[in-house]
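Chain letters run A, B, ... following the sequence lines, proteins first, then strands; residues in each count from 1. These numbers come from a predicted model, not from an experiment.
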Number of protein chains: 2
Amino acid sequence: MAQTGGAEKSGSRASMREETERAILDAAEVVFAEKGFGGATMQAIADSCGLPKANLHYYFASKEKLYRRVVERIFTIWLEAADSFETEGSPDVALRSYIARKMQLSREHRYGSKVWANEVMHGAPIIQDYLETNLRSWTETRVTVIRRWIDEGRVRPIDPRWLLYMIWATTQHYADFAHQIETLNHGPLDDAQWAGATETVCDIILRGIGIDSDPPA
Amino acid sequence: MAQTGGAEKSGSRASMREETERAILDAAEVVFAEKGFGGATMQAIADSCGLPKANLHYYFASKEKLYRRVVERIFTIWLEAADSFETEGSPDVALRSYIARKMQLSREHRYGSKVWANEVMHGAPIIQDYLETNLRSWTETRVTVIRRWIDEGRVRPIDPRWLLYMIWATTQHYADFAHQIETLNHGPLDDAQWAGATETVCDIILRGIGIDSDPPA
DNA sequence: CGGCACCTTGACTGGTTGGTCAGGTCTGCT
DNA sequence: AGCAGACCTGACCAACCAGTCAAGGTGCCG
């Protein structure tokens with residue numbers, strides 16, 4: 001047999017390659033998330049996407065290069081979500097949409113979030129440069145915006161960094177600690193619970209920094 | 001040479017044993033936190049506490065048994081801290097002392113927190129029973145207390161679970177994501193920053209759930 | 001059809017790791 | 001002193017893992 005590629009039809013050679021790479025990346029994301037970089041094996045990833053191990057090495061030269069690609073892909077998604085933190089609108093809208101988006105990401109990209117958390121916890125050996133460039137500049141922009149809101153009296157005077165950390169921590173917790181949450185919940189959160197959690201997180205944080213949402217109270 | 005045991009004086013045989021075990025556990029906690037279970041090697045732990053690898057196996061039969069002991073020790077500390085969530089006093093005092101204690105733990109037991117996070121992220125293969133017994137009963141107790149506060153009108157109506165998760169997430173973030181925070185901060189947080197972060201976290205959460213602290217506003 | 005570039009894979013290898021063990025050392029007791 | 005049991009450790013081993021390779025397959029172009 002050949003062109004194992006899965007259950008794919010025949011696309012162009014390039015698109016076939018993309019599909020295979022994506023399948024490997026998807027499998028690798030789950031395995032790296034569940035086992036960590038050191039605990040993950042190329043064999044486990046190969047089994048997970050139904051390819052022989054040697055085939056993985058054809059597409060990705062080494063385990064580390066594969067891992068790097070997984071992390072880079074996650075960071076891209078993270079950056080896109082970061083755009084939902086509008087710097088133009090009102091704090092109410094900006095923060096609510098940002099928090100809601102991050103909660104959604106935690107639900108839809110649990111494994112990606114875990115890989116990111118693992119990477120940072122282990123000292124970010126692979127993505128230190130991302131932290132120092134992209135993440136730092138993004139953060140500084142938002143800190144400036146929040147400071148302006150504070151100066152305008154729209155937000156209580158707080159250090160914006162502690163607020164951002166709280167948002168990151170709380171939203172990502174629903175992905176990274178999903179197992180703990182599901183244990184306490186006797187099963188996965190349902191739609192209503194996700195909506196409730198998102199709403200509660202928004203409310204506590206907005207009230208906490210002195211924003212009275214729902215103007216007509 | 002013998003009785004390498006470090007720079008210890010000669011204590012009783014039993015206390016010597018305890019000291020050695022503690023030294024191994026301390027080293028193991030750091031290595032497991034930084035490398036994960038799969039990425040950690042017995043050799044690295046041995047080097048870290050200046051003992052030959054074979055000696056580790058004299059005190060701990062296997063890598064997994066050593067890891068289990070590390071996690072159990074962390075859970076004990078976690079449980080002690082949980083007691084600072086008083087179920088008798090006012091919500092203001094109970095939550096403030098609990099949050100402050102958890103922030104302090106994040107600062108003083110960064111590696112323990114990371115090991116715990118790793119364990120939960122990987123599906124809690126070792127400590128699932130702890131989650132289902134100790135953590136669940138602790139949580140249910142506090143949920144009941146918070147519900148009572150809500151019924152008494154002392155706290156805004158919210159699902160207590162989302163509040164607890166927010167507290168856990170935010171406080172533990174300062175340990176688990178310390179590397180990211182320190183990168184953005186251009187260095188470790190100093191005493192004033194830790195105090196400020198703790199204060200801000202307390203304020204946002206208490207205000208967020210409708211508690212007006214500092215009664216005389 | 002012939003040739004070429006790309007893809008697939010079973011079998012192999014060099015290096016690492018968890019764990020073992022035999023033999024040595026030290027301590028406390030009689 | 002002499003002995004027993006706890007403690008220490010260098011050397012070793014079987015298992016495993018990332019990465020290699022050569023042989024073979026497949027589609028596409030002229």
Enquirer: Under 4.0 Å from OP1 or OP2 of D:dC7: is there any side-chain N or O of B:Tyr59 that close?
Expert: no

Enquirer: Can a cation-pi geometry be assigned to A:Lys63 and A:Phe37, taking NZ or CZ under 6.0 Å from the six-membered ring centre and within 45° of the ring axis?
Expert: yes

Enquirer: Would you indicate what A:Ala40 reaches in the nucleic acid, counting non-hydrogen atoms under 4.0 angstrom: base, sugar-phosphate, or nothing?
Expert: sugar-phosphate

Enquirer: Quickly work out the B:Lys63 NZ to D:dC16 C1' distance and round it to whole Å.
Expert: 12 Å

Enquirer: For C:dC6, take OP1 and OP2 only and decide whether either is under 4.0 Å from a side-chain N or O of A:Arg17.
Expert: no

Enquirer: For the residue pair B:Tyr174 and A:Tyr165, categorise the inter-ring angle as parallel (less than 30°), tilted (30 to 60°) or perpendicular (more than 60°).
Expert: perpendicular

Enquirer: Roughly, in whole Å, what's the span from CG in B:Asn55 to C1' in D:dC8?
Expert: 6 Å

Enquirer: Quickly work out the B:Met42 CE to C:dT16 C1' distance and round it to whole Å.
Expert: 15 Å

Enquirer: Once you round it to whole Å, what is the distance between C1' of D:dC28 and CE of A:Met16?
Expert: 15 Å

Enquirer: Between D:dC17, C:dG10, C:dT20, which nucleotide has the shortest distance from any of its atoms to the side chain of A:Pro52?
Expert: C:dG10

Enquirer: Nearest-Å distance, CG (B:Leu51) to P (D:dG10)?
Expert: 11 Å

Enquirer: According to a strict under-4.0 Å criterion, is B:Tyr58 in side-chain N/O contact with OP1 or OP2 of D:dC7?
Expert: yes

Enquirer: Any heavy-atom pair between the side chains of B:Leu95 and B:Ile167 that's under 4.5 Å?
Expert: yes

Enquirer: Separation of B:Phe60 atom CZ from D:dC7 atom C1', in whole Å?
Expert: 15 Å

Enquirer: Go through B:Asp129 and B:Arg136 one step at a time and tell me if the salt bridge (charged side-chain N to carboxylate O under 4.0 Å, His left out) criterion holds.
Expert: CA-CA 10 Å; B:Asp129 52 328; B:Arg136 182 175 284 158; over 6 Å; no

Enquirer: Assign each of A:Gln43 and B:Ala54 to its nearest nucleotide of DNA chain D by heavy atoms, then name whichever residue's nucleotide is nearer the 5' end.
Expert: B:Ala54

Enquirer: What about B:Trp138 and B:Trp78, are their ring centers closer than 6.0 Å?
Expert: yes

Enquirer: Round to the nearest Å and state the distance from B:Glu64 atom CD to C:dT17 atom C1'.
Expert: 16 Å

Enquirer: Round to a whole Å and report the spacing from CD1 of B:Ile24 to C1' of D:dC7.
Expert: 12 Å

Enquirer: Between A:Leu56 and A:Lys53, which residue's closest nucleotide on DNA chain C lies nearer the 5′ terminus?
Expert: A:Leu56

